[in-house]
Each structure stands twice: as structure tokens, then as C-alpha cells.
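Positions are given from 1, in the same order as the sequence printed here. What you see is a predicted model, and the numbers here were worked out from it, not measured in a lab.
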Amino acid sequence: MTDQSPVNYFPAPRRARFCSQCGTPITRRVPEGDNRERDVCDRCGAIHYQNPRLVVGTLPVWDNRILLCRRAIEPRYDTWTLPAGFMELGESTAQGAARETLEESGARIELGQLFTVIDVPQIDQVHVFYLAQALDPRLDPGPESLDARYYDEADIPWNDLAFRTVATTLERFLEDRRSGAFQTHHYTLESHR
């Protein structure tokens, strides 16, 4: 961890204390006609729904080598990941994945097929990765990356990967590449117990 790391990592905690519509303190209860607890404003009636966050990214390849970025931010500072991040409002998953790739690595890519859709319910996220072909080998990592480089399969830093979704996406990519047929994979990562 660096001295510049924030105490609370983004994304910020989801529990709101005040209604975003009227500023009144909110309560947590099951609204009438619903089946689960929600943040509810008893003054104006607003129900503040919380939904999973989408993380979007790519698995870029140049000359049979896979692009990985070394994180310059928490969580998992100084570990390797595929270029990915939170989808922004107003963009598609494909647009977000391409944007994150450019921001984190500087790689210019041609986006390919949807490759993995990974439910991560214990952290309220869904991770989506697309295959991508780099248009040239040039990289120019942005401020969220300490480094970006292409790895041969034998050199992937498996023990220094940032997230299980990255490891499982890489494993499926290598399996599909050996079989000669890429498919879309959808699965759930359960929490470690």
C-alpha cells in the first residue's frame, strides 16, 4: 500500500444515511409490496434500490501474447490484472471495456466476442470480459497502472494476479485457445470459505 492510498476504497459503501431526494434520514425496511429490505425514506416515500455493479474489461492479445496491467491503485496494488474497471453511465459494456483498456494500458484494440460473464454475488458485482485483438504492440499505461506488458502463456504471473475473475478468465481463454474454439463462459464465483 502507498501513502497516497485512500482509507476507504472505491466504490464507497452503498448504505446511504440520508434520502437523495429530500435529505431526510432513511430507514432500512421491507417496503409494502416488496420482498427484501431496502433503504426507504419515510418522509417522501423514495425507495433507494441498490443493484450489482458492472466491471467491464478485455483480454487483449498481440502476437499470441496476453496483455496484463500492474495495478497502481487499491485494492490489490502492485498485482497484475486484465484491463478492466467499472462501467460508466451512458456507455455499453463494449464501450466501457474498450475505454478501460485504453485508459489502463494505452493499447489500441479491435474488440472481439463477449468471453466471460462472471457473477460475484458476495461483492455485488458482475465482471464482463471481451476478447480483443491489439492493433499494434504499443502500450502507454495510464495513472491506474504501474506497468503494462504482453505475456507468453508460460510467463503469466499466476501468483501475482489481482482477482479470481482475472485468473478464471485467463484459464478459460487458454483452454479455449488449445481447443481452437472460443465460446462465451458464464459462471458464478462463490466466496472462499
Side-chain angles (χ1 to χ4, degrees), residues 1 5-16 28-31 34-39 47-61 66-89 91-101 104-105 111-132 144-145 151 153-179 181-193:
M1 198 142 78
S5 297
V7 174
N8 294 315
Y9 305 122
F10 185 81
R14 293 184 139 214
R15 289 292 313 270
R28 187 129 180 105
R29 63 179 174 81
V30 179
D34 206 332
N35 61 2
R36 64 181 61 203
E37 282 191 342
R38 311 278 185 192
D39 291 335
I47 301 171
H48 301 275
Y49 293 95
Q50 296 290 332
N51 302 104
R53 291 185 169 113
L54 278 174
V55 172
V56 293
T58 63
L59 194 159
V61 175
I66 300 166
L67 174 62
L68 294 175
C69 300
R70 192 163 55 125
R71 292 176 60 82
I73 58 173
E74 294 289 358
R76 308 287 295 143
Y77 175 85
D78 200 26
T79 57
W80 292 90
T81 187
L82 292 168
F86 289 103
M87 185 173 144
E88 298 287 351
L89 297 176
E91 67 184 2
S92 69
T93 56
Q95 289 168 333
R99 174 187 52 76
E100 285 289 343
T101 302
E104 293 188 4
S105 69
L111 204 60
Q113 75 178 58
L114 178 64
F115 187 62
T116 54
V117 178
I118 311 161
D119 299 318
V120 194
Q122 63 273 15
I123 58 171
D124 302 324
Q125 294 178 3
V126 177
H127 293 205
V128 175
F129 290 97
Y130 288 85
L131 297 180
E144 293 184 4
S145 298
Y151 280 94
E153 179 178 347
D155 299 323
I156 293 172
W158 292 102
N159 292 331
D160 289 322
L161 294 178
F163 306 106
R164 287 175 53 213
T165 54
V166 170
T168 60
T169 295
L170 288 169
E171 289 165 356
R172 282 163 175 79
F173 173 79
L174 295 171
E175 290 167 6
D176 283 5
R177 184 161 73 178
R178 281 190 281 278
S179 76
F182 290 97
Q183 57 183 307
T184 300
H185 302 270
H186 177 232
Y187 51 97
T188 299
L189 278 187
E190 302 297 337
S191 61
H192 287 325
R193 300 236 181 239

Could you check T116 against F173 for side chain to side chain contact (heavy atoms under 4.5 Å, CB included), going step by step and ending with a plain yes or no?
CA-CA 9 Å; T116 54; F173 173 79; over 6 Å; no
Can you tell me how far the CE atom of M87 sits from the OG atom of S92, to the nearest 0.5 Å?
6.5 Å
Distance, nearest 0.5 Å, that separates CD of E144 from CD1 of I73:
4.0 Å
What pairs with D34 under side chain to side chain contact (heavy atoms under 4.5 Å, CB included), at least two apart in sequence or on another chain?
V30, P31, R36, R38, Y49
Given side chains that start at C-beta, do those of D176 and Q183 come closer than 4.5 Å, heavy atoms only?
yes
Hey, what do you get for OG1 (T81) to CG (L161), rounding to the nearest 0.5 Å?
8.0 Å
Sorted by chain and residue number, the side-chain hydrogen bond (donor to acceptor under 3.5 Å, both in side chains) partners of R70 (sequence neighbours excluded) come out as D78
Could you list the residues that satisfy side-chain hydrogen bond (donor to acceptor under 3.5 Å, both in side chains) with E175, not counting sequence neighbours?
none
Do the side chains of P60 and S105 get nearer than 4.5 Å, heavy atoms only?
no
Distance, nearest 0.5 Å, that separates OH of Y130 from OG1 of T184:
9.5 Å
Could you tell me which residues satisfy side chain to side chain contact (heavy atoms under 4.5 Å, CB included) with D160, sequence neighbours excluded, listed by chain and number?
W80, P157
With a 4.5 Å limit on heavy-atom distance, are the side chains of Q95 and V56 in contact?
no
Partner residues of R76 under the side chain to side chain contact (heavy atoms under 4.5 Å, CB included) criterion, sequence neighbours left out:
R71, T79, A162, F163
Mark yes or no for whether R164, through its side chain, and E190, through its backbone, hold a donor-acceptor pair below 3.5 Å.
yes
With side chains defined as the heavy atoms from C-beta onward, is the minimum distance between F129 and H185 less than 4.5 Å?
no
Who pairs with H48 by ring-ring contact (aromatic ring centres under 6.0 Å, His included), at least two apart in sequence or on another chain?
none
With a 4.5 Å cut-off on side-chain heavy atoms, are Q122 and V120 touching?
yes
Can you confirm whether L82 sits close enough to I66 that some side-chain heavy atom of one is under 4.5 Å from a side-chain heavy atom of the other?
yes
Using the test side chain to side chain contact (heavy atoms under 4.5 Å, CB included), find all partners of S145 that sit at least two apart in sequence or belong to another chain.
C69, E104, P141
So D119 and H186, side chain to side chain contact (heavy atoms under 4.5 Å, CB included) or not? Walk me through it.
CA-CA 8 Å; D119 299 318; H186 177 232; 2.9 Å; yes
Salt bridge (charged side-chain N to carboxylate O under 4.0 Å, His left out) against E88, all qualifying residues, sequence neighbours excluded
none
Residues in side-chain hydrogen bond (donor to acceptor under 3.5 Å, both in side chains) with T168, at least two apart?
Y187
Could you pull out all residues at least two apart from E91 that satisfy side-chain hydrogen bond (donor to acceptor under 3.5 Å, both in side chains)?
R99
Inter-residue atom distance Q125.CD - I118.CD1, 0.5 Å rounding:
11.0 Å
List the steps, then state whether side chain to side chain contact (heavy atoms under 4.5 Å, CB included) holds for F182 with R177.
CA-CA 7 Å; F182 290 97; R177 184 161 73 178; 3.8 Å; yes
Working to the nearest 0.5 angstrom, can you tell me the gap between E153 CD and L174 CG?
4.5 Å
